[in-house]
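All remarks here apply to the structure that follows.
Keep in mind that the numbers below use all heavy atoms, side chains included, and drop hydrogens, waters and symmetry copies. Lettering of chains follows the sequences in order, A, B, ..., and the numbering in each one begins at 1.
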Protein chains: 2
Amino acid sequence: MPTYKDIRSTLLDRIKSGEWQPGMLLPSEAELAEEFGSTRVTVNRAMQALADDGFVERRRKAGTRVVRRLTRDALIRIRIVRDEIEQSGRRYSYLLIRRGRERPPPGIQAELGIGSKTEALHIVCLHFADGRPFQLENRWINLDVVPQAQSETFETISPNEWLVQKVPYSNAEHVFRAAAADPEEQQQLDLARDEPVFVIERTTWLDDRTVTHVTLSHPAGNFRLVTRD
Amino acid sequence: MPTYKDIRSTLLDRIKSGEWQPGMLLPSEAELAEEFGSTRVTVNRAMQALADDGFVERRRKAGTRVVRRLTRDALIRIRIVRDEIEQSGRRYSYLLIRRGRERPPPGIQAELGIGSKTEALHIVCLHFADGRPFQLENRWINLDVVPQAQSETFETISPNEWLVQKVPYSNAEHVFRAAAADPEEQQQLDLARDEPVFVIERTTWLDDRTVTHVTLSHPAGNFRLVTRD
DNA sequence: GAGTGGTCTAGACCACTCG
DNA sequence: GAGTGGTCTAGACCACTCA
């Protein structure tokens, strides 16, 4: 007696082998239930799993179709920078460079969703791997959302780790880009001449209120972001 | 009467609000079923959805716990380059630069998983947005896996689109990095002086056999990769 | 209107794994 | 051994949406 996972797997094979081509209409749940000698509920569970994974699209009355893939989804797992460094067997260290309340520039104001006269917490710090600069962190924290940040010095704990503890489940948007290094990046990251930076920008929300916006710059020579399905 | 989605949503609120902290043991399915006035099956469906999304971890006998988040997952949707350009309202065009059978350099041999004397199909081409270079594609195709590629000229269809048609459901690994431009990138992408490139490398398999390896270079000034949970 | 998927209940048995 | 999650069946009703 097949489980819904067995059924899912069998159906997926038919899709991957090309037996069921993109755009094709699949048999109804009732028909498949008969074929597999199981219940419609079980087939439904399998088909929903395939739909969750983006292989098929389902509509009532219209039935289930193999998706036409125009995109490829890649999942990136971004670790806390300390973990990332330690996991690779290198020694992690941390240095706070600046910390203060400031009125952010207009672009950051917009990201944080705050008024032009409101101050936010601005932090610049460095993360090292085996004593060499690995990541320059330039962060703005919205004090309307996380007022506790005011009483934290960030001298021993990085804002990265502090925020994960205080605000564990937020949403985020990332932008990845390459850029020529600006003078501060050039100096703090100790870059080779003409070495560009790999930049991750992250904005984090809690229920539509922006918690923080951060720019993470890395020497291009020692940073790559890897993905596997 | 709550649906499993209602239950999922209620439980997720408790996690996000901090009522249920990371590491905490959740009530058993039976207890929650009683609380919500539903069946254990329905609660199970909700909890499995939370587990799929990475919010909780479940083990028989040990129960269900809120996950301690040390990572953040980001989903990147990579479109076919033509779609990406047209979707943004720009005009797409394509130019084949080179195409030929060659013995690939050692690094590519390893990626493709072929012997040192085996030839592969090497293609270099350019994708334009509104007539300006957008992406330089440098691709190796494993002819053991996709022999049909030999009889395709790739003069009117890009290898990108051709492969999606021929091999719709493959697995992939991506590497994102920044780099100083090499001479060919500098010339073909018409880069400003000292402008770095944003590089995506993708390896694609079909059942453990490597189909293709491609390096996609973009002018840093006009390329960003965006993600949203 | 009719066919398809979406979901629930009630009861059951199984599989894992902790103590 | 016992408690927890994993899954199935059988029957039912509902909700959407296509023709």
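Separating the CZ atom of R45(B) from the C1' atom of dG5(D) is a distance of 15 Å, rounded to the nearest angstrom. One can place CD of E57(A) at 18 Å from P of dT4(C), the figure rounded to the nearest angstrom. Per the geometry, CG belonging to D6(B) stands 16 Å off P belonging to dG6(C), to the nearest Å. With rounding to whole Å, R65(A) atom CZ is found 12 Å from dT4(C) atom P. The nearest whole Å value for the distance from the CZ atom in R8(A) to the C1' atom in dC8(D) is 19 Å. The nearest whole Å value for the distance from the CD1 atom in I7(B) to the P atom in dT7(C) is 12 Å. Following rounding to the nearest Å, D52(A) (CG) and dG6(C) (C1') show an atom-to-atom distance of 13 Å. Note: OH (Y4(B)) to P (dC14(D)) measures 19 Å, nearest angstrom.
Under 4.0 angstrom from either OP1 or OP2 of dG3(C) there lies no side-chain N or O belonging to S28(A). Side-chain nitrogen and oxygen atoms of N44(B) include at least one within less than 4.0 Å of the OP1 or OP2 phosphate oxygen of dG6(D). For the pair T42(A) and dT9(D), the criterion of a side-chain N or O lying under 4.0 Å from OP1 or OP2 is met. A close approach under 4.0 Å does not occur between any side-chain nitrogen or oxygen of R59(B) and OP1 or OP2 of dG5(D). In terms of phosphate contacts, R58(B) brings a side-chain nitrogen or oxygen within less than 4.0 Å of OP1 or OP2 of dG6(D).
Distance from the side chain of T3(A) is smallest to dC8(D) among dG5(D), dC8(D), dG3(C). With dT7(C), dG5(D), dC16(C) as the candidates, the nucleotide lying closest to the side chain of K61(B) is dC16(C). Minimum atom distance to the side chain of Q48(A) is reached by dG6(C), of the listed dT9(D), dG6(C), dT4(C). For S38(A), counting side-chain heavy atoms from C-beta on, the closest listed nucleotide (dG5(D), dG5(C), dT9(D)) is dT9(D). Looking at the side chain of M47(B), the nearest of the listed nucleotides dG11(C), dC8(C), dG5(D) is dG5(D).
In this structure dC13(D) sits in a base pair with dG6(C), meeting the Watson-Crick or G-U test at under 3.5 Å. Nucleotide dC18(D) forms a pair with dG1(C), judged by Watson-Crick or G-U wobble geometry with both contacts under 3.5 Å.
Between F198(B) and F198(A), the ring centre distance stays below 6.0 Å. Ring centroids of Y94(A) and H127(A) are separated by less than 6.0 Å, placing the two rings close together.
Among the atoms of the strands shown, base atoms are found under 4.0 Å from some heavy atom of T39(B).
At least one test fails for R90(B) against the ring of F128(B): distance under 6.0 Å to the centre or angle within 45° of the axis.
Each of T64(A) and V41(B) has a nearest nucleotide on DNA chain C; the 5'-most of these lies closest to T64(A).
Electrostatic pairing of D53(B) and R8(B) counts as a salt bridge here, judged by a charged N lying under 4.0 Å from a carboxylate O. Ion pair E201(A)/R224(B) flagged as a salt bridge, since at least one NZ, NE, NH1 or NH2 atom sits closer than 4.0 Å to an Asp/Glu carboxylate oxygen.
Exactly one residue among V197(A), L136(A), I200(A), V199(A) makes a side chain to side chain contact (heavy atoms under 4.5 Å, CB included) with H218(A). That residue is I200(A).
Under 3.5 Å, the side chain of R40(B) and the base of dG11(C) form no donor-acceptor pair of N or O atoms.
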